[in-house]
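Here is the structure we will look at.
Indexing begins at 1, ligand by ligand and atom by atom, following the structure's order. Each residue takes its place number in the sequence, starting with 1. On a predicted model such as this, the values are computed, not experimentally measured, just so you know.
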Amino acid sequence: MRLLIAHATVVVSGTKIAAEIGTSRSEVWRLVQQLRDLGVDIAGHPSTGYSLKSMPDLLLPDMLAPQLHGTIFGRHIHHYYKIGSTNAVAMEAASAGAPEGSVFLAEQQTAGRGRGAHQWHSARSVGIYCSALLRPALPPSEVLILSLAAGLAVHSAVQEIDSRVIPDLKWPNDVLIDGKKFCGILTEMNAEVTRVRYVVAGIGINVNQSSFPADLQTVATSLRLATGTEWSRVELCAALLKSLDREYRNLLENPDAASSILRRFQERSSSVRGQQVEIEENGGFEGVTDGLDGRGFLQVRTPQGVRTVLSGTVRPR
Ligand code: BTN
């Protein structure tokens, strides 16, 4: 891919490609077939050579890294055409010592993980499936704030690209448009009681899906379905990682960052205050949302008093 992108306007002979990547022409032919199967539009055949018919919107390190200079995310970008789960890969890499700022991206996930026991629908090259590895010097109790900051990063990245889209944050980690979810965030960590070893912020964004399986149709949307236009995943992913970098640095460096995150989250969420909800936790309870506490947990007013939602699913009633 790197070679074809570098020679985007010309036909590159199979012999040249073979020589440059140190393989045989028949292996080049096999690799080209493989890329075509993955949706890359390549013209040509072994006797003439190959050329890209259009610049692919793939989340390749070569496309993203130049846009991420000066952030913590520009130096260790890993791209997979097909993988089980970028969060699983990132957690394994983290335990093996991968550096902070490592990013794991996939065109397709076969076992995309969602919150709880849910799966994340991860069709090929239409969404962003991204896991960012962080090693914050924070106690585990502050990781929820970091996870809320990831939602804010998605919010500002989308707005930066199309300011007409007004995303709505749903506690803790969904991002909606017109009541339907287009982004979910799964933050996983490895920690001692007082010290985080590492955090993986896994972000799934429905970008260019034109439809969803029947069971998701009423609850899911994509940026394309919401706006009627195709989005560049590379552009959105770069904006997302830049925005996440800003939020993260701010959180580590600025003592007021946590309260700013809580305030901005509440400003960008229509449901965090004054909404009648049902919580699937501790046998279930109902009440009216009443903002976030200082650690980022949702408060719900019930006839028995204010209760704190720790992890349960929040459903509007
Ligand atoms: C949710 O809303 O339930 C969270 C979904 C998180 C999905 C993303 S896609 C990239 C990363 N890898 C995973 O396996 N999950 C997260």
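- Annotation: atom 3 (O) of ligand 1 to nearest protein heavy atom, R115 N, 2.7 Å.
- Of the possible donor and acceptor atoms, one in the side chain of Q109 sits under 3.5 Å from a partner among the backbone N and O of T86.
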### Message
What verdict does the salt bridge (charged side-chain N to carboxylate O under 4.0 Å, His left out) test give for R75 and E100, after you've listed the backbone C-alpha separation in whole Å, the side-chain angles of each residue and the deciding distance to 0.1 Å?
### Response
CA-CA 10 Å; R75 284 155 47 96; E100 165 156 275; over 6 Å; no
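- With respect to the salt-bridge test (charged N to carboxylate O, under 4.0 angstrom), the residues R315 and E280 qualify.
- Inclusion of R113 in the set of residues having an N or O under 3.5 Å from an N or O of ligand 1 is warranted.
- For ligand 1 and S85, the ligand atoms under 4.0 Å from any heavy atom of the residue are 12 (N), 13 (C), 14 (O).
- Within the 4.5 Å cutoff, side-chain heavy atoms of L105 are placed close to those of C237.
- In the vicinity of C130, heavy-atom distances shorter than 4.0 Å reach the ligand 1 atoms 10 (C).
- In terms of protein heavy-atom proximity, atom 2 (O) of ligand 1 is closest to K181 NZ, 2.6 Å.
- Taking a cut-off of under 4.0 Å to the non-hydrogen atoms of G112, the atoms of ligand 1 that pass are 14 (O).
- Taking a cut-off of under 4.0 Å to the non-hydrogen atoms of S131, the atoms of ligand 1 that pass are 11 (C), 12 (N).
- Residue contacts with ligand 1 include Q109, since one of its heavy atoms falls under 4.0 Å from the ligand.
- To the nearest 0.5 angstrom, R273 atom CZ is 13.0 Å from Q275 atom CD.
- The closest protein non-hydrogen atom to atom 8 (C) of ligand 1 is G204 N, 3.6 Å.
- Below 3.5 Å of separation, one finds an N or O of T86 facing an N or O of ligand 1.
- Side-chain atoms of M1 and L60, non-hydrogen and from C-beta on, do get closer than 4.5 Å to each other.
- Annotation for ligand 1: atoms under 4.0 Å from non-hydrogen atoms of G114 are 1 (C), 3 (O), 4 (C), 5 (C).
- Contact annotation: for N173 versus ligand 1, there are no heavy atoms closer than 4.0 Å.
- For ligand 1, the polar-atom distance check finds no N/O of H118 at less than 3.5 Å from any of the ligand's N/O atoms.
- Here the protein heavy atom with the shortest distance to atom 5 (C) of ligand 1 is W120 CE3, 3.4 Å.
- V126 belongs to a hydrophobic cluster whose remaining members, ordered by chain and number, are W120, Y129; membership requires side-chain heavy atoms of ILVMFWY residues under 4.5 Å apart, directly or through intermediates.
- You'll find the side chain of E188 stays beyond 4.5 Å of the side chain of S131, heavy atoms only.
- Side-chain contact between V175 and K181 is absent, with no heavy-atom pair separated by less than 4.5 Å.
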